[in-house]
Amino acid sequence: MAGAVKRAFKYRFYPTDVQAAQLSRTFGCVRLVYNMALQARTEAWTQRQERIDYNATSALLTAWKKTDDLAFLNEVSCVPLQQALRHLQTAYTNFWAKRARHPTYKSKRRSRRSAEYTASAFRWRDGTLTLAKMAEPLDIVWSRPLPAGCTPSTVTVSQDAAGRWFVSLLCGDVIIQTPATGMVGIDAGLDSLLILSTGEKITNPRHERADRELLARAQRDLARKQKGSANRTKARIKVARIHARIADRRRDHLHQLTTRLVRETQAIVIEDLAVRNMVKNHNLARAISDAAWRQLRTMLEYKTAWVRHEALSDRMEVEGLHRVAVAAAA
């Protein structure tokens, strides 16, 4: 059996100087438009008790582009700017439904640098991707092939704190369902990352501990640099690269582990841990964060959802545990 799902395929790419400048300008404009729309919606509610929706903020964006102070918004593609307004609308929808807190302003230094392009703002031809306002395709490192015959519906370009550039392509894919039997219970821990009801113990790799000394040395070097200097920027990037390497190893390990569990097991049961409360213990906070229990659970949820072809909205109590993932194979 097989089922069609939407999957994002993420690749690293190396932009030219012109492309990097254009993307950096786009990131800045996306952040500015998001913040201005958020301010307009906040003021409308606090001053006039009026709710402004996406259509109203889109009209505001058109007016902003016609002013002298914001004419530079016309230098970048309009699609990422419109997508920023849609993301803000989604954030407000979640807030009104009490699924999230009130939207906050994007920070130049702390917020994620990204821009989303829909099909009208990029050209996909013969395995090359060219974004709007660019003359050359992106130099993408194809670490794995895209599904045969697929065409991306959405492209998201981002840059992490370490200065690496990534492009994420949202494509339709077919998940092959392999026969799976039995049920397995999972107990998350620190000495052993997972202890399965079958008796198998999965060792905790402790990725952060492996680079702890190197990270501490880089952070001490960063602390000695003068704020605002070029040397501090270099030291900050060095620290960010160490953090990125730790996160990459952790994510790769969790992907391999969760994929194996979903393929081999028909039903997965995992305890419902209050990680947010547990990390308040300063003696264990670093080890708990390095174990990434929440990330493990999230991967299990969406991967089993792929196999089931439906959202995991239902939960049931099983021997004091919460069933959060069920991979049913016909």
Side-chain angles (χ1 to χ4, degrees), residues 8-28 30-31 80 106-117 129 131 134 136-144 155-169 190 193 203-259 275 279 282 284-296 298-299:
F9 294 82
K10 189 175 181 179
Y11 303 93
R12 189 172 179 181
F13 74 97
Y14 295 86
T16 63
D17 292 340
V18 175
Q19 290 175 338
Q22 179 66 20
L23 289 174
S24 296
R25 191 180 304 114
T26 302
F27 294 158
V30 166
R31 183 179 63 253
K106 291 183 179 293
S107 169
K108 181 178 181 180
R109 293 177 176 82
R110 294 186 301 272
S111 298
R112 181 170 179 258
R113 293 164 55 86
S114 65
E116 184 177 88
Y117 296 78
L129 177 67
L131 301 178
M134 292 187 183
E136 301 178 1
L138 299 181
D139 182 13
I140 301 175
V141 179
W142 299 104
S143 53
R144 55 174 173 165
V155 171
T156 302
V157 180
S158 61
Q159 185 184 28
D160 65 5
R164 302 180 300 178
W165 296 86
F166 295 96
V167 59
S168 180
L169 310 176
L190 294 179
L193 180 62
T203 305
N204 186 356
R206 301 183 186 274
H207 299 287
E208 186 271 339
R209 178 177 292 184
D211 277 344
R212 184 174 298 177
E213 183 177 347
L214 181 63
L215 178 60
R217 190 182 306 117
Q219 288 174 328
R220 287 195 299 268
D221 186 48
L222 173 63
R224 288 193 293 264
K225 296 296 186 288
Q226 182 179 358
K227 291 186 177 180
S229 65
N231 285 335
R232 184 178 178 86
T233 300
K234 294 178 182 178
R236 181 193 59 79
I237 293 177
K238 185 177 180 181
V239 172
R241 285 176 178 171
I242 298 174
H243 277 296
R245 183 166 64 248
I246 295 172
D248 288 346
R249 290 203 303 262
R250 181 188 299 119
R251 189 184 308 108
D252 179 68
H253 177 260
L254 292 180
H255 269 302
Q256 295 185 44
L257 175 59
T258 53
T259 299
V275 179
V279 295
H282 298 295
L284 297 176
R286 174 177 284 183
I288 292 174
S289 298
D290 190 30
W293 294 332
R294 179 66 230 185
Q295 189 175 16
L296 169 72
T298 300
M299 289 183 180

K.L.:
With sequence neighbours left out, write down each residue that passes salt bridge (charged side-chain N to carboxylate O under 4.0 Å, His left out) with R31, or none if nothing qualifies.
P.N.:
none
K.L.:
Closer than 4.0 angstrom, basic N to acidic O: yes or no for D248 and R251?
P.N.:
yes
K.L.:
Got a sec, which residues hit side chain to side chain contact (heavy atoms under 4.5 Å, CB included) with F166, two or more places apart in sequence or on another chain?
P.N.:
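K10, R12, S158, D160, R164.
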K.L.:
Do T26 and V157 make a side-chain contact, defined as non-hydrogen atoms from C-beta onward lying under 4.5 Å apart?
P.N.:
no
K.L.:
Can you name the residues that form a salt bridge (charged side-chain N to carboxylate O under 4.0 Å, His left out) with R109, not counting sequence neighbours?
P.N.:
none
K.L.:
Answer yes or no: is there a side-chain heavy-atom contact under 4.5 Å between P205 and R250?
P.N.:
no
K.L.:
For R209, enumerate each residue passing the salt bridge (charged side-chain N to carboxylate O under 4.0 Å, His left out) test, keeping only those at least two apart in sequence or located in another chain.
P.N.:
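Testing R209 for salt bridge (charged side-chain N to carboxylate O under 4.0 Å, His left out), a comparison that skips the adjacent residues, returns none.
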K.L.:
Between D290 and R206, is the closest basic N to carboxylate O distance under 4.0 Å?
P.N.:
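Salt bridge absent between R206 and D290.
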K.L.:
Do you know the tightest heavy-atom contact between M134 and Q22?
P.N.:
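Where M134 meets Q22 most closely, the heavy atoms are CE-CG, 4.1 Å.
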K.L.:
Using the side-chain hydrogen bond (donor to acceptor under 3.5 Å, both in side chains) definition, which of the options R217, Q219, K225 pairs with D221?
P.N.:
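Testing each of R217, Q219, K225 against D221, the sole residue satisfying side-chain hydrogen bond (donor to acceptor under 3.5 Å, both in side chains) is K225.
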K.L.:
For residues 234-245, which side-chain N or O atoms pair as donor and acceptor with protein atoms under 3.5 Å away, sequence neighbours left out?
P.N.:
from: R236; atom 1: NH1; to: A161; atom 2: O; distance (Å): 3.4
from: R245; atom 1: NE; to: D211; atom 2: OD2; distance (Å): 3.4

K.L.:
Is any side-chain heavy atom of Y11 closer than 4.5 Å to one of L129?
P.N.:
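Side chain of L129 against side chain of Y11, heavy atoms only: no contact under 4.5 Å found.
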K.L.:
Do you know which of T258, T259, D252 makes side-chain hydrogen bond (donor to acceptor under 3.5 Å, both in side chains) with Q256?
P.N.:
D252
K.L.:
Which heavy atom of S114 sits nearest a heavy atom of V30, and at what distance?
P.N.:
O-CG1, 4.0 Å
K.L.:
So do the side chains of T298 and L254 get within less than 4.5 Å of each other, counting heavy atoms only?
P.N.:
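Counting from C-beta outward, T298 and L254 never come under 4.5 Å.
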K.L.:
For a quick test of reading the model, state the closest non-hydrogen atom pair linking V141 to Y14 and the distance between them.
P.N.:
CG2-CE1, 3.5 Å
K.L.:
For F13 versus I140, what's the shortest heavy-atom pair and its separation?
P.N.:
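Closest approach of F13 to I140, heavy atoms only: CB-CA, 3.7 Å.
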K.L.:
Supply the atom-to-atom distance H255 NE2 to M299 CE, rounded to the nearest 0.5 angstrom.
P.N.:
3.5 Å
K.L.:
First locate atom CD1 of I288, then atom CZ of R294, and finally report the distance between them rounded to the nearest 0.5 Å.
P.N.:
15.0 Å
K.L.:
Donor-acceptor pair, distance only, cut-off 3.5 Å: does the side chain of Q19 make one with the backbone of E136?
P.N.:
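Side chain of Q19 to backbone of E136: a pair is present.
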K.L.:
Return the orientation label for the W165 and F27 ring planes: parallel under 30°, perpendicular over 60°, tilted otherwise.
P.N.:
parallel
K.L.:
Can you tell if the side chain of L257 reaches within under 4.5 Å of the side chain of L193, non-hydrogen atoms only?
P.N.:
yes
K.L.:
Rounded to the nearest 0.5 Å, what separation is found between the CG atom of L284 and the OG atom of S289?
P.N.:
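L284 atom CG to S289 atom OG measures 10.5 Å (nearest 0.5 Å).
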K.L.:
For E208, which residues count as a salt bridge (charged side-chain N to carboxylate O under 4.0 Å, His left out) partner, sequence neighbours excluded?
P.N.:
R212, R286
